[in-house]
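Start at 1 with the first residue, then count along the sequence.
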Amino acid sequence: LYVIAFSIVLRLALAFVLPHPRPYIADEFSYLLGGETLAAGRLTNPQHPMWRFFESPHILVHPVYASKYPPAQAVFIAIGDKLFGDPAAGVLFSVALFAGAVCWALEAIVPRRWAVLGGLLTALCFGPGHYWTESYWGGAVAALGAALVIGACARILVQAKGLLHNGSSEPQDVWSERLAGACAFGLGALLLLNSRPFEGGVLVVCAALAMRPRRAVIAALAVVALVMAFYNWRVTGDPLQMPYSLYQAQYGPAPTIWLAGARLASSYGHPELQRLFQHFLNELQNVLAYPLPKRIGVLLVRLIGVLIFGVGPLAFLPLIFAPAFLRDRPVRVLTGLALAVTAFTLLDVSMFPHYAAPLIAVLIVLSFVVLHRMSAMKSGALLSGIMLALMFGGAAVRIGQAAVGRNINYPARPPFRLDREAIAARVCREPGRNVIFVRYAPTHDINAEWVYNAAEIDASRVVWAHDLGNEANRQLLAWYKGRRFWLLQPDGSAPVLQPYGE
C-alpha cells in the first residue's frame with residue numbers, strides 16, 4: 001500500500017510541471033472508446049446506420065461499434081472516468097497497482113525491505129514522464145497481470161516448503177492461502193489475457209505448468225475462459241472470436257505475428273485505410289525478407305533496444321549475474337519464464353515497451369531476487385549495493401528529465417492533434433451541434449487520423465466524418481438534419497475549415 005500511494009503521490013506532485021495526458025496515437029482513441037463504453041455500462045455499442053462515414057484505425061464500426069482491443073486497459077480507463085471523471089486517473093491507478101504488485105510478488109521470495117525497493121524502483125521507472133503513465137496506450141495493465149501471476153506462482157510453490165520470506169511463519173491454514181494464491185493467479189491471468197493475450201498467454205501457461213496445476217488454479221483459469229467467452233460473444237457474436245480477430249478479418253493484414261499470413265482486404269471504405277494497411281503489410285514483409293537466423297537476431301536487437309528505452313539502461317543490471325544463481329529455485333523458475341516469454345515476444349513484427357510488458361515484469365522481479373542473493377554473499381554485498389544505487393540513480397535522472405520536459409519517453413503531442421482540439425473548440429463556441437467532413441489530400445500522413453468519435457456518436461456536439469463525396473454525403477446531411485456542417489481540409493500548410501458546400 002505504501003508503494004501504491006508513493007506512485008500516485010509522485011505523479012500528482014509533478015502535475016504542475018507535466019501536462020495532463022491527452023490522446024494522440026490511433027490506438028489511444030480506440031482504448032478511450034472502450035473505456036467510455038464500459039463506463040456507460042455497456043460491453044459494446046450498436047452499429048451506427050451511417051457507419052461508413054466513421055471508419056477509424058483500430059475500431060470496429062460493424063457489426064458493432066467498439067474497440068478492437070481486449071478490454072483490460074479499457075476497464076481501468078472506465079474506472080478513472082466513472083469514479084473521477086478523468087480517464088487518466090485510471091491509467092495512473094494501473095501504474096500504481098503494477099508497482100504494488102511487484103512488491104507483493106517479491107515478498108514471497110525475498111525479505112520485505114527488498115520487495116519494497118523493487119516496488120519503488122518500478123514506480124520510478126514507469127511513473128511521471130513514462131508513456132505508460134502519460135498516455136492511454138497501455139502497458140501497466142499487462143505488467144500488473146504478470147506481476148500477480150508471478151506472485152501467485154511463487155506463493156503456491158513456497159508455501160508447500162514453508163519458505164515465506166516476508167518475516168512471517170508458514171501459515172496454519174495452507175488451503176486458504178493456496179486458494180488466495182489461485183484467486184490472485186486467476187486475476188493476473190484475466191488481466192494478461194485481456195491485454196497482451198499472446199505473450200501474456202505464454203506466461204500464464206508456463207507459470208501454471210511450474211505449479212503442477214492444482215484444482216484451484218484450473219478452476220481459476222476456467223472462470224477466466226468463461227469471462228472472455230462472454231465478452232467475445234457480446235462483441236463479435238462468437239465466444240471464440242476476439243474483437244481483434246474480427247477486425248483483422250475485415251481489414252486484411254495480420255501484422256503483429258510474423259508467423260501469420262497477411263493480405264489486404266478486397267475493398268476499403270476510403271483510400272486512407274488502404275494506405276494504412278498497406279503500410280502494415282510492408283512492415284511484415286520487411287521482417288520476412290530476412291533469413292530466419294538474421295530475422296531472429298534483428299528482432300532480438302530490437303527487443304533489447306525496447307527494454308533499454310522503455311525501462312532504462314541500468315534497470316536490469318543484476319541480470320548479468322543471474323547465471324551464477326541458477327541453482328536457486330526461484331531464480332531458475334523466473335529465468336525459465338523470462339526465456340519463454342522472450343521467445344514468443346520475438347515473434348512480434350513491431351516492438352514497443354508495452355508489447356514486452358509481461359517480460360518486463362518478470363525481469364524486474366528476477367533482478368531483485370538476484371540482488372538479494374548477491375547481498376547475502378560476503379563478496380557480493382558491496383556490488384549489489386552499487387548496482388542498486390545505479391538503478392535508482394538512473395530512474396531518478398529519468399524523473400528529472402520528465403520534470404523539465406526533456407524525457408524522450410514522454411509522448412509529445414503532434415501538431416495535428418492540437419489543431420484537431422482547436423477546431424473542435426472553435427465550432428463549439430456557437431450553440432448547436434456540428435458535423436465536420438474531413439477531406440484528405442493524396443499526400444496525407446497515414447498516421448494523422450482525424451476521424452474519431454465518442455461512444456454515443458449522435459449525442460456528440462461535434463461529429464467527425466469522412467468525406468465520401470457529395471453524392472454519398474447527402475445521406476449524412478439528411479441523418480443529421482438541423483446540424484451545422486463543415487468541411488475540413490487538414491493537409492495544407494495549415495488546416496482549412498469552411499462551411500460545407502461553399
With sequence neighbours excluded, residues passing salt bridge (charged side-chain N to carboxylate O under 4.0 Å, His left out) with Arg426: none
Less than 4.5 Å apart, side chain to side chain, heavy atoms only: is that true for [X] and [Y]?
| X | Y | value |
| --- | --- | --- |
| Pro197 | Leu192 | no |
| Phe485 | Asn473 | no |
| Phe53 | Asp467 | no |
| Pro128 | Leu10 | yes |

Arg22/Glu28 salt bridge by N-O under 4.0 Å criterion: no
Glu449 bridged to Arg420 by N-O distance under 4.0 Å: no
Set of side chain to side chain contact (heavy atoms under 4.5 Å, CB included) partners for Ala78, sequence neighbours left out: Leu38, Ala39
Contacts of Asn286 that satisfy side chain to side chain contact (heavy atoms under 4.5 Å, CB included) - sequence neighbours left out: none
Which residues share a side chain to side chain donor-acceptor pair (under 3.5 Å) with Asn282, sequence neighbours left out: Gln278
Contacts of Arg52 that satisfy side chain to side chain donor-acceptor pair (under 3.5 Å) - sequence neighbours left out: none
Ring geometry between Phe230 and Trp233 (parallel below 30°, tilted from 30 to 60°, perpendicular above 60°): tilted
Check: Gln274/Tyr251 side-chain N/O donor and acceptor closer than 3.5 Å: no
Between His48 and Asp458: side-chain donor-acceptor atoms closer than 3.5 Å: yes
ring-ring contact (aromatic ring centres under 6.0 Å, His included) between Tyr244 and Tyr247, intermediate numbers included: CA-CA 5 Å; Tyr244 191 99; Tyr247 182 87; 7.4 Å; no
cation_pi(Arg433, Tyr480) dist<6.0 Å, angle<=45: no
Any donor-acceptor pair under 3.5 Å from Arg295 side chain to Tyr290 backbone: yes
Centroid separation Tyr500 to Phe437 less than 6.0 Å: yes
Contact list for residues 80-105, test side chain to side chain donor-acceptor pair (under 3.5 Å), sequence neighbours left out: His20-Asp86
With His354, the ring-ring contact (aromatic ring centres under 6.0 Å, His included) member among Phe126, Tyr131, Tyr69, Trp132: Tyr131
